[in-house]
Number of protein chains: 2
Amino acid sequence: MRMNQGVEWAVHVLLSLAWVDDGEPVSTARLAASYELPQAYLNKQLQALVRAGILESLPGARGGFRLARPAEKITLMDVVMAVEGPEPAFQCTEIRRQGMGADAPESSFRLACAVNTSMQRAELAWRKSLASQTIADVKAEAELHAPAIAGVARRAYGRD
Amino acid sequence: MRMNQGVEWAVHVLLSLAWVDDGEPVSTARLAASYELPQAYLNKQLQALVRAGILESLPGARGGFRLARPAEKITLMDVVMAVEGPEPAFQCTEIRRQGMGADAPESSFRLACAVNTSMQRAELAWRKSLASQTIADVKAEAELHAPAIAGVARRAYGRD
DNA sequence: GTGCGAATACTCGGATACCGCGTGTCCGAGTAAGTGAGG
DNA sequence: CCTCACTTACTCGGACACGCGGTATCCGAGTATTCGCAC
């Protein structure tokens, strides 16, 4: 069970765009260059963020991407959902009904599969933690770790 | 990010083996039949549980698998780790050091990547929830949902 | 009837193919900026 | 000097290949059982 690499890219890109506080969009080319990522593939991932309403895209020359809402309103859960899709990691296939339990009365399956319930409980804890952390939080922590980074980013994405 | 199907199988199988409280081993053939799973592939997954010390395997005729320790001492975390491997779902590739940040002083990277920290925090919540739930817990909940199931299982795996 | 040895049937275990999805790339549609001429 | 239409260059967006890891399968090594035979 490995998470898509796009999630890591997306969070870093969102941080970068959060540092560019003016409303100027930043192109995929510049974003890709600043992390040495394959430009076309990064673009593909960013499109998912646009579809999810996290980013706004501006076409044409001087176009690019910018945050669709303030960083305080973007949670890590939003990002993961946008890139990975909404399906839970653990998907119950109801094998309890197969074979041995095939001829059990329907009433036995009224309540949810206990295995699924337990796994979903764990996944919910994961989701809650992701939902409790915003891009702004991560940004603050990053600046705490390396205060120079905000300036570096602003300079890297500046128009000139 | 989808979890291996083997995890679901493994938990169900462990429940089955927990219901067979005597020390008699159950063969892959019987376990596979009781959930209509591909026998050879289920065997492969169970081998992972053996390597992890969760199951004991007995070769030869009348051989099979049985729990290596009581169900109360087997957590869902153990099972997931055994089947999925120990690597975290989110793996930081340190892209912060690439491109834009390539020429930053080494001291900037003394502390962990904030993105990684946040994602690992969420994953830790997931792990803790998994570690807090044992096979015995799931078994109890399943019996609460469908009291008949314990008897059905015992009968399905009986020697005669 | 009893003990022993070989044949047998059944089990796990690892080595071997298949396939779907994440990864990576390319090209076209569309837009804003830049440019030049005309008024 | 100002306006406007055209050219241009740059952007996003979706459609098209590639490769790896999960999925699925098969066959061999090993053991307990079982059967037959000698005593």
Side-chain angles (χ1 to χ4, degrees), chain A residues 1-10 13 17 23-33 35-66 68 80 82-85 87 89-91 93 95 157 159-160, chain B residues 1-10 13 17 23-33 35-52 54-66 68 80 82-87 89-91 93 95 157 159-160:
Chain A
M1 190 192 51
R2 187 158 149 265
M3 177 169 285
N4 283 10
Q5 197 160 14
V7 172
E8 182 184 10
W9 300 1
V13 164
L17 294 178
E24 287 300 304
V26 180
S27 71
T28 305
R30 218 170 264 232
L31 290 168
Y35 292 109
E36 290 184 15
L37 303 177
Q39 172 175 343
Y41 189 31
L42 175 62
N43 188 314
K44 183 185 174 72
Q45 307 283 5
L46 296 186
Q47 284 173 35
L49 297 181
V50 171
R51 275 192 290 274
I54 296 173
L55 287 185
E56 273 179 1
S57 68
L58 281 75
R62 301 256 170 165
F65 296 92
R66 66 181 171 200
V80 171
V83 176
E84 292 281 346
E87 303 83 17
F90 182 89
Q91 275 150 313
T93 59
I95 60 175
Y157 302 118
R159 267 301 165 204
D160 42 300
Chain B
M1 188 193 53
R2 187 156 148 267
M3 176 169 286
N4 284 9
Q5 198 161 16
V7 173
E8 182 183 10
W9 300 0
V13 163
L17 294 180
E24 287 300 305
V26 180
S27 72
T28 304
R30 220 172 262 230
L31 290 168
Y35 293 108
E36 290 183 15
L37 303 177
Q39 172 176 343
Y41 188 32
L42 175 62
N43 188 314
K44 182 185 175 68
Q45 307 283 7
L46 296 186
Q47 284 172 35
L49 298 181
V50 171
R51 274 192 291 274
I54 297 173
L55 286 184
E56 274 179 1
S57 68
L58 281 76
R62 300 258 172 164
F65 296 91
R66 66 181 170 201
V80 171
V83 175
E84 293 280 344
E87 304 85 17
F90 182 89
Q91 275 150 313
T93 58
I95 61 175
Y157 303 119
R159 268 302 167 203
D160 42 298

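In the text below, chain A, chain B and the rest are named by the order of the sequence lines, each starting its count at 1.
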*Looking only at heavy atoms, which two atoms of Gln39(A) and Thr28(A) are closest? And how far apart?*
O-CG2, 3.4 Å

*Starting at the 5' end of DNA chain D and moving along, which residue's nearest nucleotide shows up first, Gly60(B) or Met3(B)?*
Met3(B)

Residue [X], side-chain heavy atoms: nucleotide from [options] that is nearest:
X: Pro38(A); options: dA33(C), dT23(D), dT25(C); value: dT25(C)
X: Trp9(A); options: dG24(C), dT25(D), dT23(C); value: dG24(C)
X: Gln5(A); options: dT25(C), dA24(D), dG24(C); value: dG24(C)
X: Phe65(B); options: dG13(D), dA32(D), dC12(C); value: dC12(C)

Is any side-chain nitrogen or oxygen of [X] closer than 4.0 Å to OP1 or OP2 of [N]?
X: Thr28(B); N: dC12(C); result: yes
X: Tyr41(A); N: dT23(C); result: yes
X: Arg51(A); N: dG14(D); result: yes
X: Ser57(A); N: dT11(D); result: no

*Please report the C-alpha distance between Leu46(B) and Val50(B) in whole Å, then the side-chain angles of each, then the deciding distance to 0.1 Å, and finally whether the side chain to side chain contact (heavy atoms under 4.5 Å, CB included) criterion is met.*
CA-CA 6 Å; Leu46(B) 296 186; Val50(B) 171; 5.5 Å; no

Euclidean distance, atom [atom1] of residue [X] to atom [atom2] of [N] [Å, nearest integer]:
X: Gln91(B); N: dG21(D); atom1: CD; atom2: P; result: 11 Å
X: Glu84(B); N: dG21(D); atom1: CD; atom2: P; result: 14 Å
X: Glu56(A); N: dT11(D); atom1: CD; atom2: C1'; result: 16 Å
X: Arg30(B); N: dT11(C); atom1: CZ; atom2: P; result: 8 Å
X: Gln45(A); N: dC12(D); atom1: CD; atom2: P; result: 15 Å
X: Gln47(B); N: dT25(D); atom1: CD; atom2: P; result: 15 Å
X: Arg2(A); N: dT23(C); atom1: CZ; atom2: P; result: 6 Å
X: Lys44(B); N: dC27(D); atom1: NZ; atom2: C1'; result: 15 Å

*asked:* Once you apply a heavy-atom cut-off of 4.0 Å, does Asn4(B) come out as touching a base, just sugar-phosphate, or nothing?
replied: sugar-phosphate

*Quick one: label Gln39(B) by what it contacts on the DNA or RNA (base, sugar-phosphate, nothing), any heavy atom closer than 4.0 Å.*
nothing

*Sub-3.5 Å donor-acceptor pair from the side chain of Glu84(B) to the main-chain atoms of Asn4(B), do we have one?*
yes

*Spell out, as yes or no, whether a donor-acceptor pair under 3.5 Å connects the side chain of Glu8(A) to the backbone of Thr93(B).*
yes

*DNA chain C: 5'-proximal contact among Ala40(A) and Pro59(A) (nearest heavy atom)*: Ala40(A)

*Enter the distance from Leu42(B):CG to Gln5(B):CD here, rounded to the nearest 0.5 Å.*
11.0 Å

